[in-house]
Number of protein chains: 2
Amino acid sequence: MIQQTRKEEIIKTAAKLFKEKGYSAVTMRDLATAMGMKAASLYNHISSKQEILKIIIISIAEDFTQGIDVIYNSESNNLGKLSQVIELHVKIATNNTYGMASLNNDWMHLEGQLDYYLSLRNKYEATFLNIIKEGIASSEIKAVNPEIIMFTMLSTLRSLFLWIPKKEDLNANDLANSLSRILIQGINK
Amino acid sequence: MIQQTRKEEIIKTAAKLFKEKGYSAVTMRDLATAMGMKAASLYNHISSKQEILKIIIISIAEDFTQGIDVIYNSESNNLGKLSQVIELHVKIATNNTYGMASLNNDWMHLEGQLDYYLSLRNKYEATFLNIIKEGIASSEIKAVNPEIIMFTMLSTLRSLFLWIPKKEDLNANDLANSLSRILIQGINK
DNA sequence: AGATCAGACTAACAAGTGTTAGTTTTGATT
DNA sequence: AATCAAAACTAACACTTGTTAGTCTGATCT
């Protein structure tokens with residue numbers, strides 16, 4: 001199993017197509033054409049369309065859940081942790097623009113792993129919310145409804161995959177810094 | 001043509017299903033079942049699946065484009081205009097949670113009206129960007145990259161439809177106010 | 001009562017769906 | 001040159017898709 005680059009190519013191509021049209025609208029024949037082969041040949045590498053979606057989504061979801069745990073248990077103060085969460089999102093979205101689209105838009109089409117995915121997402125959001133609540137408790141963060149704060153940040157971070165491709169001149173660090181400024185400091189002078 | 005409530009029912013039901021699974025994954029038989037009828041009967045009221053999507057998306061997109069034009073031409077200062085844009089989104093998303101999902105996720109499946117939709121969206125974003133740029137020029141707004149500011153706000157506002165249904169205790173005014181505080185003033189103390 | 005007609009129905013279509021079975025090609029290793 | 005596995009192919013399957021044609025039902029209007 002050294003050279004599984006063909007399978008990875010298929011998954012990468014699939015993710016690209018899924019981003020453009022969504023999982024349901026992409027057929028195995030579409031994917032095959034994009035790969036320069038016939039649909040039946042795909043099955044020498046993958047076991048089903050569903051498996052492709054699973055691989056794309058679950059690996060990213062695990063990255064997020066694991067990433068925020070490390071941040072939560074780090075030594076920073078809570079505003080620092082939020083900045084790290086922003087960096088985490090920017091990093092994953094930059095490295096995996098296509099996969100992020102599936103994670104956001106096609107998770108409901110997971111069949112066998114839907115419950116697992118949802119448990120990862122719930123865990124992630126619970127930890128995120130804890131950071132915000134602890135930041136309010138320690139007077140680092142304004143006492144606004146913490147769920148609305150999380151919603152604002154998470155909506156922005158989850159949409160990154162839509163905007164990053166349009167702004168290739170912007171490097172990941174600059175983007176993360178600008179986002180931290182805006183999301184944490186606000187925009188008014 | 002007084003009583004076209006049946007057609008409206010179909011569109012409303014379709015929007016609900018589109019939100020759950022996306023346009024492509026919803027079949028006319030799914031929609032018919034949800035309406036308590038057979039698929040063929042739908043065609044007594046609508047001409048195609050595509051027409052349903054068009055009606056859902058275009059009407060909302062026009063509301064937004066028209067709404068932001070009124071705001072842009074109003075007398076407020078630019079931070080005030082941004083607050084009004086937030087209110088506009090909260091209002092439309094509250095009244096049309098299902099349709100907003102299609103607008104966000106299924107616009108690329110528009111066939112005849114894709115170009116028109118994109119022109120509306122471009123116009124909307126250009127006006128939004130103008131408000132921010134003018135706010136920076138008049139020193140109301142921090143001199144951060146205006147596109148990143150717009151991206152942050154727009155990502156949050158476009159995701160409202162995902163969160164509003166979960167928080168029915170929150171009324172539209174409170175939500176708009178909290179969002180204005182967070183998006184404009186930031187979250188740090 | 002008879003006519004009208006919106007709106008439901010059944011039946012069927014052509015095209016497209018994911019997937020399997022079996023076969024041939026390819027290209028590296030013996 | 002022979003071998004062999006990886007990976008392509010053709011052909012076909014059972015099922016689902018959006019949609020059309022034609023028919024029946026039941027309420028409303030004259």
Side-chain angles (χ1 to χ4, degrees), chain A residues 1-58 98 102 105-114, chain B residues 1-58 98 102 105-114:
Chain A
M1 296 287 165
I2 306 164
Q3 178 156 312
Q4 77 185 73
T5 108
R6 200 90 178 108
K7 179 168 185 176
E8 284 163 8
E9 261 186 277
I10 290 174
I11 290 167
K12 198 169 166 181
T13 305
K16 195 179 298 196
L17 296 180
F18 291 169
K19 186 191 172 196
E20 286 165 17
K21 308 170 51 177
Y23 174 76
S24 303
V26 174
T27 72
M28 295 304 275
R29 285 164 181 84
D30 289 339
L31 176 53
T33 302
M35 286 293 298
M37 54 167 72
K38 292 299 166 73
S41 308
L42 294 168
Y43 290 83
N44 286 317
H45 306 280
I46 50 100
S47 69
S48 66
K49 188 186 181 189
Q50 182 63 205
E51 188 206 0
I52 300 177
L53 187 67
K54 179 194 83 186
I55 292 175
I56 293 172
I57 291 183
I58 297 296
Y98 304 130
S102 300
N105 301 328
D106 285 319
W107 57 267
M108 73 286 280
H109 298 120
L110 284 172
E111 283 158 18
Q113 284 72 26
L114 181 56
Chain B
M1 296 287 166
I2 307 166
Q3 177 155 313
Q4 77 185 73
T5 107
R6 200 88 178 109
K7 179 168 186 175
E8 283 164 7
E9 261 187 277
I10 290 174
I11 289 167
K12 198 170 168 182
T13 305
K16 197 180 296 196
L17 296 180
F18 292 169
K19 186 190 173 197
E20 286 165 16
K21 309 171 50 178
Y23 174 75
S24 304
V26 174
T27 72
M28 296 303 275
R29 285 165 181 83
D30 290 339
L31 176 53
T33 303
M35 286 292 298
M37 54 168 73
K38 292 300 166 72
S41 307
L42 294 168
Y43 290 83
N44 286 319
H45 306 279
I46 51 102
S47 70
S48 66
K49 189 187 179 187
Q50 182 63 204
E51 188 206 1
I52 299 176
L53 187 67
K54 180 194 84 187
I55 292 175
I56 293 173
I57 291 184
I58 297 296
Y98 303 130
S102 299
N105 301 328
D106 285 318
W107 57 268
M108 72 287 280
H109 297 120
L110 285 172
E111 284 158 18
Q113 284 72 26
L114 181 55

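Numbers restart at 1 for each chain; the letters A, B, ... are given by sequence-line order, proteins then strands. Basis for what follows: all heavy atoms, side chains included, without hydrogens, waters or symmetry-related copies.
Side-chain proximity of B:A40 to the nucleotides C:dT10, D:dG18, C:dT19 is greatest for C:dT10. Taking only side-chain atoms of B:T27, from C-beta outward, the nucleotide of C:dC9, C:dT19, D:dG18 with the closest atom is D:dG18. Counting only heavy atoms from C-beta on, B:M28 has its side chain closest to D:dG18 among D:dG18, C:dT19, C:dT20.
Taking the charged nitrogens against the carboxylate oxygens, B:K12 and B:E9 have no contact shorter than 4.0 Å, which rules out a salt bridge.
Here the CG-CZ distance, from B:N105 to B:F18, works out to 12.0 Å after rounding to the nearest 0.5 Å. Between atom CD1 of residue B:I55 and atom CD1 of residue B:I46 there is a gap of 8.5 Å, rounded to the nearest 0.5 Å. Once rounded to the nearest 0.5 Å, the distance linking OH of B:Y23 with CD of B:Q50 reads 4.5 Å. Atoms CG and CE, from A:L42 and A:M28 in turn, are 5.0 Å apart once rounded to the nearest 0.5 Å.
Counting to the nearest Å, the P atom of D:dG18 and the NE2 atom of B:H109 are 13 Å from each other. Taking atom NZ on B:K21 and atom C1' on D:dT17, their separation rounds to 13 Å, with Å as the unit. To the nearest angstrom, P of D:dG18 lies 7 Å from OH of B:Y43. Separating the NZ atom of B:K49 from the P atom of D:dT16 is a distance of 15 Å, rounded to the nearest angstrom. B:L42 places its CG atom 14 Å from the P atom of D:dT17, with the value rounded to the nearest Å. Atom-to-atom, CE of A:M35 to C1' of D:dA8 comes out at 12 Å; the value is rounded to the nearest Å. The CZ-C1' distance, from A:R6 to D:dA8, rounds to 9 Å in whole Å. Atom CG of B:L31 is separated from atom C1' of D:dT19 by 14 Å (rounded to the nearest Å).
Within 4.0 Å of B:S41, counting heavy atoms only, lies at least one base atom of the nucleic acid.
Dashed line: the shortest gap from a side-chain N or O of A:H45 to OP1 or OP2 of D:dA6 is not under 4.0 Å.
DNA chain D is contacted by both A:K38 and A:R29; A:K38 maps to the nucleotide lying nearer its 5′ end (nearest heavy atom per residue).
The base of D:dA6 lies outside donor-acceptor range of the side chain of A:N44, with no N or O pair under 3.5 Å.
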